[in-house]
Q: 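I have a structure I would like to understand better, so I am pasting it below and will then ask my questions one at a time.
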2 protein chains.
Amino acid sequence: MIKMSTKGRYGTRLMLQLAHHYGDKGQAVILRSVAENETISIRYLEQIIIPLKVSKLVKSIRGAGGGYSLARPPDQIKISEILHTLEGSCCLVECIEDEDFCPRKPYCATFEIWNKATQLLKGYFDNLTLQDVVEIDRKKKKAKPK
Amino acid sequence: MIKMSTKGRYGTRLMLQLAHHYGDKGQAVILRSVAENETISIRYLEQIIIPLKVSKLVKSIRGAGGGYSLARPPDQIKISEILHTLEGSCCLVECIEDEDFCPRKPYCATFEIWNKATQLLKGYFDNLTLQDVVEIDRKKKKAKPK
DNA sequence: CCGTTTTCAACATAATTTTATAGATTTTAT
DNA sequence: ATAAAATCTATAAAATTATGTTGAAAACGG
């Protein structure tokens, strides 16, 4: 399985929840409600949101009445940014980003094919914003309400 | 990191080695030589080659003078077959292949985007054969010999 | 034909990373 | 003060990655 880690998947869903409330007044979303809506452990979400905060994709407000919110409008957040933050990158193999990861690179044919596949993915996620996903979500919920 | 497991990566390199010797007379390749060429533990290669054998991508010959060889010509082995055997699939997320994996599917926007990304990858690996990779390899070695 | 070597085959174990949970602390609004 | 919420630290469970040990089949030399 060429799989995304749970961090990337859960993190995107978390960001999607925040995106849905972006612009609401008094809009900070608390992790507990995300945890309930998405049935993900709140403790795990805490670990996931830290890097999102560090990379300035979300803001936090502490204390009662606090919570998290997007640091920028959803149409200015690329999915590739989320993945890059949570997965390190959206590369299929480390040797693509990390120059020194593997000495075989200059004569490695498999590097070429993983690299090409990675470019395909990157191209897709670079041109996809949180706003796009919000719209997919709304359309889908409309088509099949409840 | 949306990463391929080492099984997929090492396994492809293993298959590439076998492909290079396909057609040689007395061509069975021993794992030890693959292990040395690719600097991968021979024990780990043994674990990787078992599923490749089960799915009939490689044949084995036991005993002295034995080894492994491709079960079909390299231009008739798709990279997607190798990945499917070793990774379970080349899906980014399990919910794409496994119907029952996640109940959120009917109203999950992220499913849509992981699915689309998976189709991109699948399309690429479905149209790429071991022979293609062998040619990339030969071209690369020619360009920068030794 | 017999034993030795070569190789695959099977099983068990160890190390590492990923995934997930738990408890205690700090900050802030009311 | 009190309660709500983020933050910090630790730990546990599971999967992935890797190694070690022994066994079994086939070829080969004598």
Side-chain angles (χ1 to χ4, degrees), chain A residues 1-14 17-18 21 25-36 38-54 57-71 83 86-88 92-94 101-102, chain B residues 1-14 17-18 21 26-36 38-54 56-71 83 86-88 92-94 101-102:
Chain A
M1 188 83 50
I2 298 172
K3 66 162 178 275
M4 302 194 40
S5 73
T6 56
K7 294 207 165 145
R9 290 188 284 123
Y10 295 176
T12 305
R13 283 160 60 189
L14 167 58
Q17 292 263 331
L18 299 189
H21 291 87
K25 270 300 161 204
Q27 67 284 58
V29 177
I30 65 175
L31 271 196
R32 186 165 43 77
S33 82
V34 177
E36 279 165 13
E38 301 286 337
T39 51
I40 302 170
S41 143
I42 195 172
R43 305 291 181 179
Y44 199 33
L45 282 178
E46 284 171 356
Q47 288 176 50
I48 289 170
I49 210 164
I50 289 171
L52 291 171
K53 216 190 108 172
V54 170
L57 292 174
V58 306
K59 290 183 293 189
S60 71
I61 301 171
R62 300 187 66 158
Y68 293 94
S69 58
L70 294 186
L83 298 180
L86 293 173
E87 311 265 4
L92 289 178
V93 287
E94 310 208 33
F101 181 72
C102 174
Chain B
M1 190 84 47
I2 300 174
K3 67 164 176 268
M4 305 195 39
S5 73
T6 56
K7 292 206 167 144
R9 288 188 285 127
Y10 294 176
T12 304
R13 282 159 62 186
L14 167 58
Q17 290 264 328
L18 299 188
H21 291 88
Q27 68 283 61
V29 177
I30 66 174
L31 274 194
R32 186 165 43 76
S33 83
V34 176
E36 280 166 11
E38 302 286 336
T39 46
I40 301 171
S41 143
I42 195 171
R43 305 294 176 179
Y44 198 36
L45 282 176
E46 282 171 356
Q47 288 176 50
I48 289 170
I49 209 163
I50 289 172
L52 291 171
K53 217 189 108 174
V54 170
K56 304 232 193 294
L57 293 175
V58 308
K59 290 182 293 190
S60 70
I61 301 170
R62 299 185 65 153
Y68 293 94
S69 58
L70 294 185
L83 297 181
L86 294 174
E87 310 264 3
L92 287 179
V93 286
E94 309 208 32
F101 182 72
C102 174

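Per chain, numbering begins at 1; letters A, B, ... match sequence-line order.
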Q: Between K3(B) and dT18(C), is there a side-chain N or O to OP1/OP2 distance below 4.0 Å?
A: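 Looking at the OP1 and OP2 atoms of dT18(C), one of them is under 4.0 Å from a side-chain N or O of K3(B).
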
Q: Using both distances under 3.5 Å as the test, list the Watson-Crick or G-U wobble partner of dA20(C), or none.
A: dT11(D)

Q: With heavy atoms under 4.0 Å as the rule, sort I61(A) into base, sugar-phosphate or nothing.
A: sugar-phosphate

Q: Think Y10(A) has a side-chain N or O under 4.0 angstrom from the OP1 or OP2 of dA20(C)?
A: yes

Q: I'd like to check L86(A) versus L52(A) (side-chain heavy atoms, cut-off strictly below 4.5 Å). Are they in contact?
A: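 L86(A) reaches L52(A) side chain to side chain.
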
Q: At 4.0 Å (heavy atoms only), tell me whether K53(B) reaches a base, stays on the sugar-phosphate, or touches nothing.
A: sugar-phosphate

Q: Can you tell me if the side-chain N/O atoms of T6(A) get under 4.0 Å from OP1 or OP2 in dT19(C)?
A: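 Yes.
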
Q: So what does L31(A) touch, heavy atoms closer than 4.0 Å: a base, only the sugar-phosphate, or nothing?
A: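 Touches sugar-phosphate only.
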
Q: Do Y68(B) and L14(B) touch side chain to side chain, with heavy atoms closer than 4.5 Å?
A: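 No, too far: nothing below the 4.5 Å cut-off.
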
Q: Can a donor-acceptor pair under 3.5 Å be found between the side-chain atoms of R62(B) and the base atoms of dT6(C)?
A: no

Q: Which nucleotide in the list dT7(C), dT6(C), dA9(C) gets nearest to the side chain of I30(B)?
A: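 Selected nucleotide: dT7(C).
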
Q: Heavy-atom distance under 4.5 Å between the side chains of R13(A) and I40(A), does that happen here?
A: yes

Q: Please compare I40(A) and G66(B) by the position of their nearest nucleotide in DNA chain C and report the one closer to 5'.
A: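 Residue closer to the 5' terminus by nearest nucleotide: G66(B).
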
Q: Which nucleotide of DNA chain D is the first, and which the last, in the 5' to 3' direction, to come under 4.0 Å of a heavy atom belonging to chain B?
A: dT17(D) to dA27(D)

Q: Is the closest side-chain heavy-atom distance between E46(B) and L31(B) below 4.5 Å?
A: yes

